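So the structure is just underneath, and the comments pick up after that.
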Amino acid sequence: MKEEIVQKSMEKLRLKPNLDYDKVVKSFKWDDIKSEIEFFEKGKLNAAYNAVDRHVKTWRKNKVALYWESDNDSKKFTFSELSILSNKFANVLKNLGVKKEDRVFILLPRIPSLYISFLGILKVGAIAGTMFSAFGPSGIKDRLADSTAKVLITDPELKKRVDEIRFELPSLETIIVVGDNVPKEKGVVSYNEEMNKASRNFDIEKTDPEDFSFMLYTSGTTGKSKGIVHAHYSILQQHITAKWVLDLHEEDVMWCTADPGWVTGIAYGILGSWSNGASLVVYEGRFDPAKWYSILEKYNVSIWYSAPTAIRMLMAAGNDILKKYDLSSLRYLCSVGEPLNPEAVKWSVEELGLPFHDNYWQTETGSIMVANYPLMPIKPGSMGKPIPGVRVAIVDDAGKELPIGKEGNLVIQPGWPSMMRQIWQNKEKYDSYFKGKWYFTGDRSSMDKDGYVWFVGRADDVIKTAGERVGPFEVESVLIEHPAVAEAGVIGVPDELRGEVIKAFLVLKPGNEPSEGLKEDIKKFVKTRLAGHAYPKDIDFIKTLPKTRSGKIMRRVLKARELGLPEGDLTTLEE
Ligand code: PRX
């Protein structure tokens, strides 16, 4: 069968691409691009300075950095305004006694204060931790407790979830509350009041490139989610990939739809894109096809970075809605987070005149690793080729490279600038990613003769639902806290729209009868405790769970049974 290829043209792209891939890839060295970012004396580097403050010394001072929109309001912030506001916030933190390497967490919707406080945290040299606002009390507690966070920034509504668990967080000294109606409580201060008092001048911490800048909790197969810690130096790769892969030019307006509670929302929704001096759009509200198209139209978005589930939902909403908007400002589209189906690329070519460019990376890698580039032909279904400076390979379980076309583990040669520097206080877990000379991504892929990488699936039980990474163990742990549940096994089941949906198999405690009402109650239990996106959409009550003789749940057997596939090697099965 002839391979389908989407060719591209300069006419559609409108601007000369920043990267000539074939030329650069041959001789690239990371040292060659260090001049792209700004170091202080003695090689010191602060990512927030690079993202915002350095532009204030140039004509970009009055360029709009942030176009913010909610369902009933909109605001604009220039680079100069963001610089002053984040200076003020850095002073607020300093006045509260926050020091270098302290963990300061943010639990906010996508409002301007989220972006201002993130930058302010980096400016004091503290480590910024972001949490998606859909997290419930136990998801929040796990993160704040593991990181021993000292300060939390939140709003009055979300604070209610923190109040439920605050007694379990002895390290949490202060909660900064954004908005009106800030309760007068010990250890609670008002964002607005503190910002009004704070000086607009701040002497930015001259951090070392290796000093930690931000951390994000993400899920694996086992245990609770882990704190992936990144260094200030990651800005180098975030900057260059925003330039090469997202093709940001001075005149571009970019909308990265990701929330800063996830890595894309930090690396490209804040650091890498602003480092390029780009204007960013942030929409606070939820997904809605008409609203999304209206934002693209209103802000003349030219670069759009989104995710497959959103694209599939737009496709499902129908083209009549799309046709009502003038989307001619778009010139380049990118996608990340889960497999991008060839039909989605086809749809965007037909309806928007432009293909989505898939790219691949992880919370751990800190920035884009494999990508489709502006003028490079797209093979729909492929994630593209490794970025210059990054070597990926397909290997067997022993780390031996496999021939072209063979499926195996997708691995990366360590040493790229934005690689995680630590799993918070968990060296064993960090070390487990590395075998021989490779970093193991946990994904399975193959590579074709032209060097394009094709995603196959996860090598472990990690679930990707609507692009969000969920660990089965975390969901199981909350499920067994429900009074009716004795045991729980959780898997991802393929879903046309969301990639995967979460399914739970539950063994009930004696005296409980299976019912639809109980299912609903259990779903709500997980939704309100762990996270709005991590509850099982589907529940089956069963008599026993397949387990190994040592008592480990065999999720692979649950999955095979669910999908009607061979159950594989069952020699360790206890049943
Ligand atoms: O399984 C891969 C999948 O998402 C995982 C990383 O998830 P997370 O750390 O949440 O970061 C997502 C955004 C950077 C990967 O291990 N994944 C990511 N991008 C793709 C993908 N799967 C298929 N195609 C992609 N383009």
Side-chain angles (χ1 to χ4, degrees), residues 130-132 214-221 225-230 234 237-238 241-242 245-246 256-272 305-312 333-342 344-345 355-373 378-387 392 407 409-412 416 418-420 423 433 439-447 452-471 474 492 494 498-500 531 533-534:
T130 52
M131 290 183 285
F132 187 39
F214 69 91
M215 68 192 291
L216 273 166
Y217 278 77
T218 193
S219 306
T221 301
S225 55
K226 318 277 185 300
I228 310 287
V229 188
H230 285 287
S234 66
Q237 194 171 340
Q238 288 151 357
T241 45
V245 182
L246 307 182
C256 167
T257 59
D259 187 281
W262 311 115
V263 73
T264 312
I266 292 182
Y268 302 100
I270 302 181
L271 294 173
Y305 192 18
S306 199
T309 294
I311 300 165
R312 288 190 290 264
L333 319 177
C334 294
S335 163
V336 73
E338 40 169 336
L340 179 68
N341 3 14
V345 178
F356 269 98
H357 292 72
D358 190 14
N359 55 68
Y360 165 91
W361 54 296
Q362 305 177 295
T363 308
E364 292 88 336
T365 68
S367 52
I368 296 169
M369 291 282 126
V370 175
N372 287 284
Y373 305 91
I378 291 179
K379 298 187 183 184
S382 161
M383 309 192 290
K385 298 189 193 185
I387 65 158
V392 312
E407 177 196 320
N409 300 295
L410 176 61
V411 296
I412 312 172
W416 66 94
S418 66
M419 182 165 96
M420 62 171 169
I423 303 261
Y433 281 86
Y439 161 88
F440 276 66
T441 60
D443 289 313
R444 294 184 67 76
S445 298
S446 66
M447 199 185 286
Y452 283 71
V453 183
W454 298 76
F455 183 81
V456 175
R458 286 292 302 178
D460 57 20
D461 295 332
V462 167
I463 301 164
K464 264 277 157 145
T465 177
E468 276 148 18
R469 190 163 151 183
V470 176
E474 281 180 286
R498 292 183 170 80
E500 283 185 307
H533 61 274

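Hydrogens, waters and symmetry mates are skipped; everything else that's a heavy atom, side chains included, is used. These numbers were taken from a predicted model, which means no experiment stands behind them. As the structure lists them, so they are numbered: ligands from 1, and atoms in each ligand from 1.
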> Of all residues at least two apart in sequence or in a different chain, which pass the salt bridge (charged side-chain N to carboxylate O under 4.0 Å, His left out) check with Lys379?
Replying inline: Glu3, Asp448, Asp450
>> Regarding Glu338 and Arg312, does a basic nitrogen lie under 4.0 Å from an acidic carboxylate oxygen?
In response: yes
>> Applying side chain to side chain donor-acceptor pair (under 3.5 Å) to Tyr439 and Gln362, what does each step give before you reach the verdict?
In response: CA-CA 12 Å; Tyr439 161 88; Gln362 305 177 295; 2.7 Å; yes
>> Do Tyr268 and Cys334 have side chains that approach each other closer than 4.5 Å (heavy atoms only, starting at C-beta)?
In response: no
Write out each pair where an N or O from ligand 1 and one from the protein are under 3.5 Å apart, with the distance.
unit_1	atom_1	unit_2	atom_2	d
ligand 1	1 (O)	Asp443	OD1	2.7
ligand 1	1 (O)	Asp443	OD2	3.4
ligand 1	4 (O)	Gly337	O	3.4
ligand 1	4 (O)	Lys464	NZ	3.0
ligand 1	7 (O)	Lys464	NZ	2.9
ligand 1	9 (O)	Thr363	N	2.8
ligand 1	9 (O)	Thr363	OG1	2.5
ligand 1	9 (O)	Arg469	NH1	2.6
ligand 1	10 (O)	Lys464	NZ	3.3
ligand 1	16 (O)	Gln362	NE2	2.9
ligand 1	16 (O)	Asp443	OD1	3.4
ligand 1	16 (O)	Asp443	OD2	2.5
ligand 1	16 (O)	Arg458	NH1	2.9
ligand 1	17 (N)	Gly337	O	3.4
ligand 1	19 (N)	Gly337	N	3.2
ligand 1	24 (N)	Glu338	O	3.4
ligand 1	26 (N)	Asp358	OD1	2.8
ligand 1	26 (N)	Asn359	O	2.7

> Under a 4.5 Å cut-off applied to non-hydrogen side-chain atoms, are Asp443 and Arg458 in contact?
Replying inline: yes
>> For His533 and Trp262, take the angle between the two ring planes, folded into 0 to 90°, and tell me which bin it lands in: parallel under 30, tilted 30 to 60, perpendicular over 60.
In response: perpendicular
